[in-house]
Amino acid sequence: MPMSWFLLSLALGRSPVVVSLERLVEPQDTARCSVGLSCHLWDGDVLCLPGSLESAPGPVLVPTSLQTELVLRCPQETDCALCVRVVVHLAVHGGWEEPEEGERSDSELQEARNASLLAQVVLSFQAYPTTRCALLEVQVPAVLVQPGQSVGSAVFDCFEAGLGAQVRIWSYTQPRYQKELNLTQQLPDGDNVRLVLDVSEEQDFGLLLYWDQVQGPLKSWKYKNLTGPQTITLNHTDLFPCLCIQVWPLEPDSVRTSFCPFREDPRAHRNLWHTARLKVPSSGIWQLDAPCSLLAKVALCWQVPDQGPCQPLVPPMRQENVTVNMPHEFQSVRGHPNLCVQVSSWEKVQFQECLWADSLGPFNNDMLLVEMRTDLNDTSVCALESSGCIALPSNTSTRAAHLGEQLLQDFRTHQCVQLWKDDNLGALWACPMDKYIHKRWVLVWLVCLLLVAALFFFLLLKKGRVKAAPRARTALLLHSADGAGYEHLVGALASALSQLPLRVAVDLWSRRELSAHGALAWFHGQRRRTLQEDGVVVLLFSPAAVAQCQQWLQHQTVEPGPHDALASWLSCVLPDFLQGRAAGRYVGVYFDGLLHPDAVPAAFRAAPLFSLPSQLPAFLDVLQGGCGPLPGRPADRAGRVAQALQSALDSCTLQSGTPGCGEAWNPGPHPAPK
């Protein structure tokens, strides 16, 4: 939400100062580290699960203290929100223990001690009704790894919060080797500006707030006699560049200290422009009213009837500086309904009013010709259009160019009205265009009919062309490790789907990558890649998976064991369901006879749910998505996949010891899509 962002500390001395909040223009979260460290911020939020304490296997990186700083996130110049920057200070915890005989060789121990430290640091933020968790990967080179020593800090920008909110911040690592740090902070409230007057206690002083106007004497706004210390609150809309503060001790011959803290402040300048008004008191007279002087230019412009942008008349007329709160008139200018005045600042038009709109009526369909003097005491003529001033005659395709000879003839025969003239610069002429408006309409209609016929013929030709083959869509299968029989069933589904124009990803085919990168990183990367490519994530529910999901939703943890993969992909996908982003991205699946549909947790029912193989055709339609129909007859495709699934399902249900369903099964190599 927009908010005020000035905190003023004013002392009765020679150096009053103003402190404003830092402004961030980057709309996304960012992270950076101190010198020597490297940082990487994971995309999106992660699930807030501290987990249980674990013993450090050696030196580990842990957070030691938290600091916060208020900043402003301003994706647009006039749209700022209060944001909390978090600084995490890090240190090395623990050290290498001497190995028992036979555990490690000296070379292995030395190699471990020379390796850099990598830590996953979680920042958890809570400010009603918002809860967020961000994950930072911080790497420390081996030369900085000294047990018990601080190694630097990581800075996260930033968590947005509302004015007056109470925020709580926690920090811990994954895995967690110590108790999480926490910090509570109360944010300032109100849409106001606070003037903190640092005056000695019991000292009487005078305070004057005034507008320091360059054009004229200062204008008093508020005057008070106070006793220090004091905090005065101003509405943020009262800030102007010329708003000044004067304080002095209530003593004989005291010296007054004046300070104008908002002269260079963008918010104060925006308030000034929002307050300023351009008026036309009478025909041809304009006045800009504002509480402060404005750095702006004023110029005449030409407004065409089609409500396009008003074209500035430069050259030949020069721009002038603006003097506020005084009536002005353009000398030697003849009135015309299309002549308007523009007030601009920093090459941006702030105000526009048409000077003769009330007295001369609506805009005319006239063409403005600009006559300019040349160095050879000759003149050139151009017609003012939206693309610029078009020299006449011209070969361009504009309206003025098509009528160039006629307009020049009107100009030479004095059929145009002179609006302004300068002996050194040139003149402005308004030439009526009504006599040209109704010509050539028959030719225009013929051209339109030819275009419609050509378009109809093109559509007929395009209708008979063969459609291009669809691009294969990605399907990511996520399941629980319920035993060899269930893995065989999952593998059969993945293999059958890979025979269709689908790119299938499943952890059974990527165990080497899973072991190298870890389950959490692998599932997070696969989910992000699949959704970026407009793919679909398929969640396979089994009785054991449902039980673990229920335990997760109730206690935000699962028992360690064979379901570590389930916990990893749950932490990746559950935030999408809880935040309403699951539609069109996720599909739920369970197998006939292994699970009742009511057993699937309610949190996951935002996605379509299918029983396989009985609902296979509808499931394949959802996988197809918006990529066009798959080749072959739908019945043949569903029949091939159903046959493979039914065979694996029969094999699984005949096994004893559910959910294990038999001996360990080798999923084999990843089949190539056809």
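Counting begins at 1 with the first residue of the sequence.
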Please lay out, stage by stage, how Phe125 and Val86 fare under the test side-chain contact (heavy atoms from CB on, under 4.5 Å). CA-CA 10 Å; Phe125 176 85; Val86 182; 5.8 Å; no

Backbone N or O of Leu288 within a donor-acceptor pair of the His328 side chain at under 3.5 Å? no

Donor-acceptor pair, side chain of Arg277 and main chain of His274, under 3.5 angstrom: yes

Answer yes or no: is there a side-chain heavy-atom contact under 4.5 Å between Leu355 and Leu339? no

Using every non-hydrogen atom in the two residues, find where Ser345 and Trp273 come nearest and quote the distance to one decimal. CB-CZ2, 3.3 Å

Main-chain N/O of Ala290 paired with Asn325 side-chain donor or acceptor, under 3.5 Å: yes

Looking only at non-hydrogen atoms, find the nearest pair between Arg132 and Phe156 and report the distance. NH2-CZ, 4.3 Å

Name all pairs fulfilling the salt bridge (Lys or Arg N to Asp or Glu O under 4.0 Å) condition that reach into residues 231-252, sequence neighbours left out, sorted by first residue then second. none

Return yes if some donor-acceptor pair links the side-chain N/O of Asn338 with the main-chain N/O of Gln303 below 3.5 Å, else return no. yes

So which atom in Leu70 and which in Val84 form the shortest heavy-atom distance, rounded to 0.1 Å? CD2-CG2, 4.2 Å

Can you name the side chain to side chain contact (heavy atoms under 4.5 Å, CB included) partners of Cys83, sequence neighbours left out? Val71, Arg73, Cys158, Glu160

Measure the shortest side-chain to side-chain distance between Leu207 and Ile245 over non-hydrogen atoms and say whether it is less than 4.5 angstrom. yes

Checking Gln185 now: which residues fulfil side chain to side chain donor-acceptor pair (under 3.5 Å) with it, not counting sequence neighbours? Thr68

Which distance, rounded to the nearest 0.5 Å, do you find between the CD of Gln352 and the CD of Gln342? 5.0 Å

For Leu243 and Trp211: C-alpha separation, side-chain torsions, deciding distance, then whether side-chain contact (heavy atoms from CB on, under 4.5 Å) applies. CA-CA 5 Å; Leu243 178 61; Trp211 291 296; 4.3 Å; yes

Quick note, salt bridge (Lys or Arg N to Asp or Glu O under 4.0 Å) partners involving residues 139-149, not counting sequence neighbours, are none

Would the distance check show the side chain of Thr173 and the main-chain N or O of Val62 forming a donor-acceptor pair, the cut-off being under 3.5 Å? no

Is the closest side-chain heavy-atom distance between Asn364 and Pro305 below 4.5 Å? no

Under 3.5 Å: donor-acceptor pair, side chain of Gln178, backbone of Pro63: yes

Between Trp302, Phe330, Trp356, which is the residue that forms a ring-ring contact (aromatic ring centres under 6.0 Å, His included) with His336? Trp302

More than 12 heavy atoms of other residues, nucleotides or ligands under 6.0 Å from CZ of Arg581: yes or no? yes

Is any side-chain heavy atom of Ser150 closer than 4.5 Å to one of Thr64? no

pair check: Cys340 + Cys310, SG-SG < 2.5 Å: no

Considering residues at least two apart in sequence or located in another chain, which fulfil the side chain to side chain donor-acceptor pair (under 3.5 Å) criterion with Glu180? Arg176

Report the residues that fulfil side chain to side chain contact (heavy atoms under 4.5 Å, CB included) with Pro432, sequence neighbours left out, ordered by chain and then residue number. Asp366

Measure the shortest side-chain to side-chain distance between Pro50 and Trp170 over non-hydrogen atoms and say whether it is less than 4.5 angstrom. no

If every non-hydrogen atom of Val343 is compared with every non-hydrogen atom of Ala296, which pair is closest and at what distance? CG1-CB, 4.0 Å

Do Phe363 and Val304 have side chains that get closer than 4.5 Å, going by heavy atoms? no

Output a table of donor-acceptor pairs, distance under 3.5 Å, between side-chain atoms of residues 136-145 and any protein atom two or more places apart or on a different chain; print 'none' if there are none.
| residue | atom | partner | partner atom | Å |
| --- | --- | --- | --- | --- |
| Glu137 | OE2 | Trp42 | NE1 | 3.2 |
| Glu137 | OE2 | Gln120 | NE2 | 3.3 |
| Gln139 | NE2 | Ser116 | OG | 2.9 |

For Val87, which residues count as a side chain to side chain contact (heavy atoms under 4.5 Å, CB included) partner, sequence neighbours excluded? Gln67, His89, Ser153, Val155

Residues forming a side chain to side chain donor-acceptor pair (under 3.5 Å) with Lys279, sequence neighbours excluded: Asp289

Which pair of heavy atoms, one from Trp286 and one from Glu329, lies closest together, and at what distance? NE1-N, 4.3 Å

Ser254 (side chain) donor-acceptor with Leu250 (main chain) under 3.5 angstrom: no

Counterpart residues, salt bridge (charged side-chain N to carboxylate O under 4.0 Å, His left out), relative to Arg32 (two or more places apart): Asp157

For Asp43, side chain to side chain donor-acceptor pair (under 3.5 Å) partners two or more places apart: Arg528

Apply side chain to side chain contact (heavy atoms under 4.5 Å, CB included) to Ser332 and list each qualifying residue two or more places apart in sequence or on a separate chain. Trp420

What are the two closest non-hydrogen atoms of Phe159 and Leu123, and how far apart are they? CZ-O, 3.9 Å

Give, for atom OG1 of Thr131 and atom CG of Leu47, the distance between the pair rounded to the nearest 0.5 Å. 11.0 Å

Should the SG-SG distance of Cys260 and Cys242 be recorded as below 2.5 Å? no

Taking the side chain as everything from C-beta on, heavy atoms only, tell me whether Leu392 gets closer than 4.5 Å to Leu369. yes

Can you tell if the side chain of Ser571 reaches within under 4.5 Å of the side chain of Val46, non-hydrogen atoms only? no

